[in-house]
Number of protein chains: 6
Amino acid sequence: MNQPDPTDRLDAFNAYRDRMNRRILEDDDHLGIKRFFNLDTAAYRDGALDGRTKELLGLVASMVLRCNDCIDYHLQQCVAAGWSDDELNDAMNVALVVGGSIVIPHLRHAVETIDMLRARAGDDT
Amino acid sequence: MNQPDPTDRLDAFNAYRDRMNRRILEDDDHLGIKRFFNLDTAAYRDGALDGRTKELLGLVASMVLRCNDCIDYHLQQCVAAGWSDDELNDAMNVALVVGGSIVIPHLRHAVETIDMLRARAGDDT
Amino acid sequence: MNQPDPTDRLDAFNAYRDRMNRRILEDDDHLGIKRFFNLDTAAYRDGALDGRTKELLGLVASMVLRCNDCIDYHLQQCVAAGWSDDELNDAMNVALVVGGSIVIPHLRHAVETIDMLRARAGDDT
Amino acid sequence: MNQPDPTDRLDAFNAYRDRMNRRILEDDDHLGIKRFFNLDTAAYRDGALDGRTKELLGLVASMVLRCNDCIDYHLQQCVAAGWSDDELNDAMNVALVVGGSIVIPHLRHAVETIDMLRARAGDDT
Amino acid sequence: MNQPDPTDRLDAFNAYRDRMNRRILEDDDHLGIKRFFNLDTAAYRDGALDGRTKELLGLVASMVLRCNDCIDYHLQQCVAAGWSDDELNDAMNVALVVGGSIVIPHLRHAVETIDMLRARAGDDT
Amino acid sequence: MNQPDPTDRLDAFNAYRDRMNRRILEDDDHLGIKRFFNLDTAAYRDGALDGRTKELLGLVASMVLRCNDCIDYHLQQCVAAGWSDDELNDAMNVALVVGGSIVIPHLRHAVETIDMLRARAGDDT
């Protein structure tokens, strides 16, 4: 079985993401960019659709557009929202069929991220 | 209010789509292409995720990849699956935020398609 | 010489765009979508960069992403902002080199649109 | 069997393409754009790879990037270069697998174009 | 002359690719994903077009879609299939012209990969 | 405040870029590829638009197409051409709105690059 190190590239990504988002939102203080970030956050809040479903939509959109950082972000939200591996695989299968084999490297990345998140969750127990 | 003609570009699209799919699957009879079409159909069947949710994933993937034919196809499935306008708007909002203003022309197309589908449903009563 | 009809596909595009934008913003009234439209408009206002330069940026972004509706919208703004044909050609050349020959069909479309806009301006005199 | 009208959208596309290319290359006379067009033409000439193979590469690139005008252009060259339907299907299958179901609408378009070209060739006899 | 280390990022990529593919296909065991992987493999087998030509199509598709992992995979197949540097350059030139300067970083990556593969082949003698 | 190391990934990128460009242009000596590189350089020279504006166009095109190497290259040119942080933020905001949240990881990368370039410029004084 696969046992990825739970203290890993996800931590590095999250730290970099937080540091640069603060840098962009606090130092640069560009109104348009700030509003875009707010809009982005708001798009995944509970509404007519619940936030949980929206995170799954965000994951599939990130996969067909082939952005690993976006995939990692949405996978963390999806796992936190309680989506199971089987459900995530079903969603990623839609992304794979829509986006084609060019999505496969991102599927590998995504599955590795899921393993990291599950291992980390195991640590918590 | 908006009253699009329900006998419309959707009928033309569906007829063209059916005709060319038959042409591709029956006449050409290329095993790989045939299998791809089967895989595509299977990806939206009930599984760990229900088909209804998968159609919503297909819609968002089609919007961020900016394919009107794919949008029209998935919207027909989404409306048939019972997603409300508010829910579809929430999903399309995710697509808009992820994909940016370049998605707006496809949002206009999608909303027009939804209007056609709702008008058509009205006719059925 | 080329003499496109100035009463043309641009009028149809603008009418459709206005009608569907109203439909989306007034009837649907989805807060996230509404805010996105506002953000989109605001991005091209005078700021550290003048709106004129931003429209040129919007044009090049639309060309490399290959969206004819977006190209037509930004070209109308660019011509209204006073960019000359030589300047527009220089900007479109950047888009062509960055985006490759796949941009050529959109270059043809863009040049036809510019001709329509210049013919229309000629009518005004 | 399918009997598309051989006097068709391909004629319209070719006429538009010729007219606008002349407009761009002769009237506008932008050195960078001109050179790009020359480079584009040269890329498909016989070299280490023969032009025939390069047209097939151009077709697959056009399909995964989802540009119908580019597909129609390269299909005309591919058919003129003697590629059979089975060979074209094999190439398009690669494009479909790499690019995913989002390519399917362009596959439908491509197969219709091939039918037009074959019907036209039948007329010549 | 350029002398890249033949024990290199390609080994790391191949090991990661094998490990994650096994992880996806064996552990996850999702029927749709499995079938997609089979379809992907089958698309490059000898058929109406020989596998050698299909690998070249796969390379160009990967370059215009700008996926380094896919480029590395297909380059290994292309070199194994006997395509010469001049032929690969001709194919990559088509990708460059179709896809534009945005492809250049991937051309640099691809040429480095080819150097690694040629150095490795030299080791085998 | 943020204090990135000015001797950094930019140096590594520039060295790799120079080495591989020489490798491609000198060793491979493919006429089409060579001409493409020349055309690419020429597209940013002063013309009807000044080179400074063209670099900003190149930056926005690179952001919406999501290529970090291209972003780093054009940012170096933009900073050398004297664009201020506020002006660059305004341009990047256009890229963000056009391209959507999928551009955000590249915005983080770009802002980090700008910080590196400003720190480096500080060193020079």
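Worth knowing before you read on, the calculation uses all heavy atoms, side chains too, and leaves out hydrogens, waters and symmetry mates. Chain letters run A, B, ... following the sequence lines, proteins first, then strands; residues in each count from 1. Computed from a predicted model, the values in this text were never measured in an experiment.
Within residues 33-42 of chain F, the residues having any heavy atom less than 4.5 Å from a heavy atom of chain C are, in residue-number order, F:Phe36, F:Leu39, F:Asp40. The contact list for residues 80-87 of chain C toward chain F, using heavy atoms and a distance under 4.5 Å, reads C:Trp83, C:Asp86, C:Glu87 by residue number.
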Show me, pair by pair, the donor-acceptor contacts under 3.5 angstrom made by side chains of residues 93-108 of chain F, not counting sequence neighbours?
unit_1: F:His106; atom_1: ND1; unit_2: F:Asn68; atom_2: OD1; d: 2.8
unit_1: F:Arg108; atom_1: NH1; unit_2: A:Asn21; atom_2: OD1; d: 2.9

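Pairing each heavy atom of C:Leu49 with each of F:Ala91, the nearest pair is CD1-N, 3.8 Å.
Looking at C:Val64, both its backbone and its side chain come within 4.5 Å of chain F, counting heavy atoms on both sides.
Residues F:Val60 and C:Val60 have side chains not in contact (no heavy-atom distance under 4.5 Å, counting atoms from C-beta outward).
Identified under the salt bridge (Lys or Arg N to Asp or Glu O under 4.0 Å) test for residues 56-69 of chain F, with sequence neighbours left out: none.
Summarising the geometry, atom CG belonging to C:Leu57 is positioned 12.0 Å from atom CE belonging to F:Met92; distances are rounded to the nearest 0.5 Å. The CG atom of F:Asp90 sits 12.5 Å away from the CZ atom of C:Arg45 when rounded to the nearest 0.5 Å.
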